[in-house]
Amino acid sequence: LDEASSDLCEPPHCEKERASVQASDAHDAIARRAAIDSTVLLKNTGVLPIDTTRVRKIAVLGPAADTDRYFAGGGSGNVPLRRPVTPLAALRARSASAGLDVVTDREASRAADLV
């Protein structure tokens with residue numbers, strides 16, 4: 001955006017949009033599709049899919065894994081979520097069905113608990 005249009009998303013320019021329902025099922029579907037389509041895995045050297053006969057525990061590190069708050073910037077990060085699911089909660093749900101234990105750095109009392 002150029003300098004003249006950079007304030008288009010600030011009041012009073014978008015009062016109608018800010019007053020609209022942005023947490024509808026349709027918006028949820030668009031957001032989910034955007035998240036799925038924008039996920040990028042780096043080079044997989046045979047680590048994925050996880051071999052559950054060899055791996056029994058997954059360590060999740062950092063505070064971003066267990067929050068439904070957007071960590072940077074603004075804009076759509078400030079739209080309240082109707083059904084928030086943290087990355088950690090989603091990973092735990094998926095891992096439970098595979099019999100994997102998920103441990104976070106905040107839960108581990110010592111580094112050995114993470115391995």
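Along the sequence shown, the residues carry numbers beginning at 1. Below, all heavy atoms of this structure are taken into account, side chains as well, without hydrogens, waters or symmetry copies.
With sequence neighbours left out, the side chain to side chain contact (heavy atoms under 4.5 Å, CB included) criterion links Arg33 to Ile36, Asp37. Partners of Arg83 according to the side-chain hydrogen bond (donor to acceptor under 3.5 Å, both in side chains) rule, which considers only residues two or more places apart in sequence or in another chain, are Asp28. Under the rule for a side chain to side chain contact (heavy atoms under 4.5 Å, CB included), the partners of Ala90 that lie at least two apart in sequence or sit in another chain are Val85.
For the atom pair CG (Asp101) and CZ (Arg56), the distance works out to 9.0 Å, reported to the nearest 0.5 Å. The CG atom of Leu100 sits 5.0 Å away from the CD1 atom of Ile58 when rounded to the nearest 0.5 Å.
Checked for salt-bridge contact, Lys57 and Glu107 miss the test: no charged N lies under 4.0 Å from a carboxylate O.
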**Prompt:** Would Val60 and Val103 count as a side chain to side chain contact (heavy atoms under 4.5 Å, CB included) if you check the C-alpha gap in whole Å, the side-chain angles of each, and the deciding distance to 0.1 Å?
**Reply:** CA-CA 6 Å; Val60 178; Val103 63; over 6 Å; no

**Message:** For Thr67 and Leu88: C-alpha separation, side-chain torsions, deciding distance, then whether side chain to side chain contact (heavy atoms under 4.5 Å, CB included) applies.
**Reply:** CA-CA 8 Å; Thr67 184; Leu88 180 60; over 6 Å; no

**Prompt:** Taking it one step at a time, do Thr104 and Asp66 satisfy side chain to side chain contact (heavy atoms under 4.5 Å, CB included)?
**Reply:** CA-CA 9 Å; Thr104 69; Asp66 199 24; over 6 Å; no

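Taking each heavy atom of Gly46 and Asn44 in turn, the nearest pair found is N-OD1, 3.0 Å. When all heavy atoms of Thr86 and Ala65 are compared, the pair lying nearest together is CB-O, 3.6 Å.
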